[in-house]
Amino acid sequence: MRKRLIVCMVYLMLLAICLPVHAQKIPRIGILRAGAGPAAGQPDAFVQALRSLGYVEGKNILFDLRYAEGNRDRLRALAIELVQSQADAIYTSSSPAIFALKEATQSIPIIMVSSTDPVRSGIVASLAKPGGNITGMSLIANDLWPKRLELIKEILPRASRVAIFWNKSNTGMAIEAKATQEAAAPMGITLQDRGVKDPSEMELAFNAMSKERPDAFLALMDIPLRAHQRRILDFLAKDRVPAIFESKDWVQAGGLISYGPDGADVTRRAAAQFDKILKGAKPSEIPVEQPTKFEMVVNLKTAQQIGLTIPPHVLARADRVIK
């Protein structure tokens with residue numbers, strides 16, 4: 001009898017140990033993007049970053065990917081769907097998507113990559129102590145806009161009129177447009193505001209630039225404007241306007257120059273924050289990080305096409321030169 005009791009007790013102990021293992025839930029991760037998904041056969045960049053940390057889909061993580069294809073109304077619906085699907089945490093990487101998720105949930109942890117100031121836009125309480133359920137990466141660094149304008153002055157020393165092109169319907173972009181204005185004035189640069197409320201106004205902005213030709217073009221691009229990349233670049237090429245962008249994909253597609261955060265590094269660091277969330281950390285206690293690695297890309301083919309010579313000292317600083 002005593003032996004049976006001991007056997008039963010051992011069995012129950014083993015059962016207690018094993019049950020949590022079998023009952024352990026695989027975390028379900030939502031990924032919400034305002035734009036289109038990756039090219040066929042290519043993994044989502046954030047999924048790839050998590051893989052490098054040892055997360056294998058179906059084994060220790062599940063992914064629920066949603067792409068709004070530039071449709072803001074659809075973005076709100078997808079945010080609600082992710083919340084209702086009971087995702088354990090969500091990743092997103094644009095201001096409209098962040099605000100859509102912020103409206104949809106105040107409890108599910110969210111890791112963001114924000115292209116606008118997350119404090120001034122009301123996404124988090126502060127960088128050091130975000131509060132709430134959102135943290136992540138801010139693509140904003142205090143000296144980014146002055147450096148982009150300084151690049152314009154290095155390439156075009158006599159430049160005094162710069163057209164700024166942005167989406168006026170994006171509240172985050174409004175903050176960045178104001179920051180750019182504040183950086184331009186001390187440099188003796190007058191900004192020509194060529195913002196549009198939606199892509200249907202692009203032709204009016206282009207006509208205004210053709211009439212009052214700027215010395216250079218500074219682009220603040222969000223998802224709706226990115227959808228018209230070819231149209232924007234074709235206009236700049238036709239009017240031979242030197243343009244500076246925030247991200248290298250515009251230069252790879254034919255733009256002149258870009259200067260901004262290293263996208264791959266930002267994604268890796270966001271994945272590391274996500275890893276902390278999955279291991280039990282609270283987003284309110286994880287500081288919002290800012291970029292520390294930046295990259296400059298120059299397209300010499302475009303420079304030649306618009307009749308512009310890039311100074312050697314600028315080329316020497318470039319991380320990549322497209323010839």
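- Atom NZ of Lys301 sits in a sparse spot, with 12 or fewer heavy atoms from other residues, nucleotides or ligands closer than 6.0 Å.
- Inter-residue side-chain proximity for Asp275 and Tyr55 is flagged as met; some heavy-atom pair is nearer than 4.5 Å.
- Cluster annotation: Met209 is connected to Phe245 through the hydrophobic network of ILVMFWY side chains, with a link wherever side-chain heavy atoms come within less than 4.5 Å.
- Listed for the Thr302 side chain is a donor-acceptor partner under 3.5 Å among the backbone atoms of Gly254.
- Asp234 and Arg231 are not joined by a salt bridge, as no carboxylate oxygen comes within less than 4.0 angstrom of a charged side-chain nitrogen.
- A salt bridge between Arg158 and Asp215 is absent, with no side-chain N of the basic residue lying under 4.0 Å from a carboxylate O of the acidic one.
- By the 4.5 Å heavy-atom criterion applied to side chains, Val241 and Ile306 are not counted as neighbours.
- Checking side-chain atoms of Gln106 against main-chain N and O of Lys102 turns up a donor-acceptor pair under 3.5 Å.
- Closest non-hydrogen pair, Ala104 versus Val83, comes out as CB-CG2, 3.8 Å.
- Sparse packing is recorded around CD of Glu103, with 12 or fewer heavy atoms of other residues, nucleotides or ligands lying under 6.0 Å away.
- Between Arg33 and Arg66 the shortest side-chain heavy-atom distance does not fall below 4.5 Å.
- Ionic pairing of Glu154 and Arg317 is present here: one or more N-O contacts between side-chain nitrogen and carboxylate oxygen are shorter than 4.0 angstrom.
- With hydrogens and angles disregarded, no donor-acceptor distance shorter than 3.5 Å links the side chain of Arg320 to the backbone of Val298.
- Between the side chain of Asp88 and the backbone N or O of Pro27 there is no donor-acceptor pair closer than 3.5 Å.
- To the nearest 0.5 Å, atoms CG (Leu127) and CG (Asp117) are separated by 7.0 Å.
- Judged purely by distance below 3.5 Å, without hydrogens or angles, the side chains of Trp145 and Glu176 pair a donor atom with an acceptor atom.
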Could you walk me through whether Ile90 and Asp64 pass side chain to side chain contact (heavy atoms under 4.5 Å, CB included), step by step? CA-CA 9 Å; Ile90 303 174; Asp64 191 350; over 6 Å; no

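- Judged purely by atom type and a 3.5 angstrom limit, Gln192 has no side-chain atom pairing as donor or acceptor with the backbone of Val162.
- Glu201 and Arg194 are not joined by a salt bridge, as no carboxylate oxygen comes within less than 4.0 angstrom of a charged side-chain nitrogen.
- Atom CG of Asn170 and atom CG of Leu225 lie 9.0 Å apart (nearest 0.5 Å).
- Using a 4.0 Å cut-off between a side-chain N of Lys or Arg and a carboxylate O of Asp or Glu, Arg226 and Asp222 do not qualify as a salt bridge.
- In Lys276, the NZ atom is not crowded: 12 or fewer heavy atoms of neighbouring residues, nucleotides or ligands sit closer than 6.0 Å.
- Side-chain atoms of Arg269 come within 3.5 Å of backbone N or O of Gln290 as a donor-acceptor pair.
- Looking at heavy atoms from C-beta onward, Ser258 lies out of side-chain contact with Ser247 at the 4.5 angstrom threshold.
- Formation of a donor-acceptor pair under 3.5 Å by the Lys153 side chain with backbone atoms of Ala159 is found in this model.
- The backbone N or O of Ala253 sits less than 3.5 Å from a side-chain atom of Arg230, completing a donor-acceptor pair.
- Residues Thr180 and Trp166 fail the side-chain proximity criterion, which asks for heavy atoms closer than 4.5 Å.
- With contacts defined as side-chain heavy-atom distances shorter than 4.5 Å, the pair Ile277/Ile286 qualifies.
- Between the side chain of Asn60 and the backbone N or O of Val56 there is at least one donor-acceptor pair closer than 3.5 Å.
- Looking only at distances, a side-chain donor or acceptor of Asn133 sits under 3.5 Å from a matching main-chain atom of Ile108.
- Between Leu144 and Pro261, some side-chain heavy-atom pair lies under the 4.5 Å cut-off.
- One finds the CD1 atom of Ile98 at 5.5 Å from the CE atom of Met112 (value rounded to the nearest 0.5 Å).
- Residues Arg213 and Arg240 share a closest heavy-atom pair of NH2-O, 2.6 Å.
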Go through the steps to decide whether Phe46 and Phe274 satisfy the test ring pair (Phe, Tyr, Trp, His ring centres under 6.0 Å), and finish with yes or no. CA-CA 10 Å; Phe46 189 70; Phe274 213 89; 5.3 Å; yes

Yes or no on side chain to side chain contact (heavy atoms under 4.5 Å, CB included) for Leu62 and Ile29, after CA distance, side-chain angles and deciding distance? CA-CA 6 Å; Leu62 298 172; Ile29 306 307; over 6 Å; no

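- Gln252 has its side chain within reach of Asp249: a pair of non-hydrogen atoms, C-beta onward, lies under 4.5 Å apart.
- Leu191 CG to Ile189 CD1: the interatomic distance, rounded to the nearest 0.5 Å, is 7.0 Å.
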